[in-house]
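As the structure lists them, so they are numbered: ligands from 1, and atoms in each ligand from 1. Only heavy atoms go into these numbers, but all of them, side chains included; no hydrogens, no water, no symmetry mates.
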Amino acid sequence: MDSKSIHGMWSSRLAFILAAAGSAVGLGNIWRFPYLASDNGGGAFVLVYLACIALVGLPIMLAEILIGRQGRMSPINTLLKLSREGGHSPAWSVIGWIGTISLVLILSFYSVVGGWTLYYAALYLMQLLGGDPITDPVATFTGLLASPGQLVIWHSVFMILTVGVVAMGVEKGLERMVRFMMPTLLVLLLVLAGYGISTGHFGDAVSFLFKPDFSKITGSTLLSALGQAFFSLSLGLTCIMAYGAYLPRDVSIPRVSVSVVFADTGVALLAGLAIFPIVIAFGLNPEGGGPGLIFTSLPNAFNAMSWGIPYGLAFFVLLAVAAWTSSISMLEPPTAMLVERSELKRRVAAPLIGVGVWVIGLVTVFSLNIWSSVRVAGRDLQGAIEYLASDIMLPVGGLLTAVFTGWFLSTRISREQMPDMPDWLFTLWLWALRVVAPILVLIVLGMKLSEA
Ligand code: PHE
């Protein structure tokens, strides 16, 4: 018997893949991956990142989807239900709480960066209509960060867009959008990589990204790479679990997971291959680029390319859309939870949470300018929020998900959810969750803590 979620269902297998890939592919791939690679020495970081995707990310992706589909409710209630049914402590729902709280924190700064992409899209639109060109990309970017007014405006626009889709209901709002936008973004990245090749610095970029210098691997590198693997795949925060709840029973979980993981990793690597030749060609240092990396490097390329301005416009619009499809997936679990707990309508619940996230986002906005000297544990306020949510809570959420699925959820349930998986692969998956993922996460967290 196929049960249905009260929140709606995906219309097809493709709809789920697009939505999950829409969640996974976002600022994490095009903004965060290149700058983390830049800040962590390139190849060594990329290698550890890819290992984390294969050994930890993929197995947990399967786990989240299957838990979601088994429970068919918001992550917190799904975990409550499954732990009760299995005779385990309801305390396992803490995974849902960690996820929901860190989602709210991550969305708060994600929306501010999403706002940057909208601002750049607006700048390129104005250039197209005859406005001033961006002659000094670094000055343009630092000017934006120094202006709380601009940041608040674009953060607000981004939040309104996100709340709008979640309030309408995920399938209606989302499905139509991702179907068209995701493939177009891919084409634009390919063109940008083509431009990167034409600069003559493609080889340098390839060696920066793929030649590991093992002396650069520290606890911080490992933690950032692991955190980024979770962040980029939208794992550890119950987003994918929430989307799994709307997945029809006959869709193969291993297949959709592999598609999503390949799409996400492919886009991140492609973004790196598109961006670093440009960074190098324009004489910027590929190392230590920081969060401004794409905003300070790409405008140089758009100025130099033929058709660069309309191209820049298309690029930032699509980047904003990619960020949008991710932010929607972050708002979905808290909204579904509030709908279940309060019996409020989605139309009311999504804006309520949106306002809360918007207010927390102001901390990020002001930490970039008027509060920039405030330090928490050696970081600025935004850095502290990002560190707590992405580097600590996210891997811990993933670890608990792996342990719950591997050791506590009955293997009969997992087997029934994935009947198409060969026995040997199923056993491999189970042990990846039981042993490999927890040990890796614990080692990395332990190394980091002992460094601090
Ligand atoms: N995966 C998204 C990205 O790469 C971000 C995200 C993180 C989305 C966590 C949902 C949950 O941009």
Side-chain angles (χ1 to χ4, degrees), residues 17-37 49 52-53 57-58 60-61 64-65 68 74-75 95-96 98-117 158 162 165-166 170 174 178 181-182 185-186 189 224-244 257 260-272 291 294 318-336 353 357 385-398 401:
I17 294 183
L18 287 173
S23 166
V25 174
L27 293 171
N29 307 61
I30 295 163
W31 161 71
R32 203 167 186 266
F33 171 74
Y35 101 70
L36 286 181
Y49 168 73
C52 291
I53 296 265
L58 185 58
I60 294 184
M61 171 84 64
E64 280 206 25
I65 301 177
S74 75
I95 299 174
I98 293 181
T100 304
I101 294 169
S102 25
L103 278 176
V104 166
L105 292 177
I106 291 183
L107 183 53
S108 78
F109 71 77
Y110 202 87
S111 165
V112 175
V113 181
W116 301 353
T117 62
F158 191 84
T162 304
V165 175
V166 177
V170 172
L174 199 66
V178 277
M181 300 282 187
M182 300 284 300
L185 181 66
L186 197 66
L189 275 176
S224 312
L226 181 75
Q228 174 62 9
F230 280 109
F231 186 94
S232 191
L233 293 173
S234 308
L235 294 175
L237 298 176
T238 68
C239 281
I240 297 294
M241 200 183 283
Y243 276 11
S257 305
V260 173
V261 169
F262 266 95
D264 186 70
T265 312
V267 172
L269 295 178
L270 188 59
I294 62 164
L318 285 166
L319 184 54
V321 172
W324 191 14
T325 53
S326 300
S327 62
I328 291 165
S329 75
M330 292 188 214
L331 193 58
E332 177 59 20
T335 304
I353 296 176
V357 173
I385 294 179
E386 186 172 348
Y387 176 74
L388 176 70
S390 318
D391 284 1
I392 307 290
M393 292 173 79
L394 220 138
V396 170
T401 307

(Q) Is there a side-chain contact between E386 and S390 in this structure, where contact means two heavy atoms from C-beta onward sitting under 4.5 Å apart? (A) yes
Would you be so kind as to tabulate the donor-acceptor pairs closer than 3.5 Å made by side chains of residues 17-28, with sequence neighbours excluded?
{"unit_1": "S23", "atom_1": "OG", "unit_2": "S234", "atom_2": "OG", "d": "2.8"}
{"unit_1": "S23", "atom_1": "OG", "unit_2": "S329", "atom_2": "OG", "d": "2.8"}

Q: Working to the nearest 0.5 Å, report the span between CG of L237 and CZ of F231.
A: 8.5 Å
Q: Could you grab the distance from atom CG of L235 to atom CD1 of I240, nearest 0.5 Å is fine?
A: 6.0 Å
Q: State which residues pass ring pair (Phe, Tyr, Trp, His ring centres under 6.0 Å) with F158; sequence neighbours excluded, sorted by chain then number.
A: none
Q: Go through the structure and list residues passing ring pair (Phe, Tyr, Trp, His ring centres under 6.0 Å) with F109, not counting sequence neighbours.
A: none
May I have the N/O to N/O pairs between ligand 1 and the protein that fall below 3.5 Å, each with atom names and distance to one decimal?
{"unit_1": "ligand 1", "atom_1": "1 (N)", "unit_2": "S23", "atom_2": "O", "d": "3.2"}
{"unit_1": "ligand 1", "atom_1": "1 (N)", "unit_2": "A24", "atom_2": "O", "d": "3.0"}
{"unit_1": "ligand 1", "atom_1": "1 (N)", "unit_2": "F231", "atom_2": "O", "d": "2.7"}
{"unit_1": "ligand 1", "atom_1": "1 (N)", "unit_2": "S232", "atom_2": "O", "d": "3.0"}
{"unit_1": "ligand 1", "atom_1": "1 (N)", "unit_2": "S234", "atom_2": "OG", "d": "3.0"}
{"unit_1": "ligand 1", "atom_1": "4 (O)", "unit_2": "A24", "atom_2": "O", "d": "2.8"}
{"unit_1": "ligand 1", "atom_1": "4 (O)", "unit_2": "G28", "atom_2": "N", "d": "3.3"}
{"unit_1": "ligand 1", "atom_1": "4 (O)", "unit_2": "N29", "atom_2": "OD1", "d": "3.3"}
{"unit_1": "ligand 1", "atom_1": "12 (O)", "unit_2": "L27", "atom_2": "N", "d": "3.1"}
{"unit_1": "ligand 1", "atom_1": "12 (O)", "unit_2": "G28", "atom_2": "N", "d": "2.8"}
{"unit_1": "ligand 1", "atom_1": "12 (O)", "unit_2": "Y110", "atom_2": "OH", "d": "2.5"}

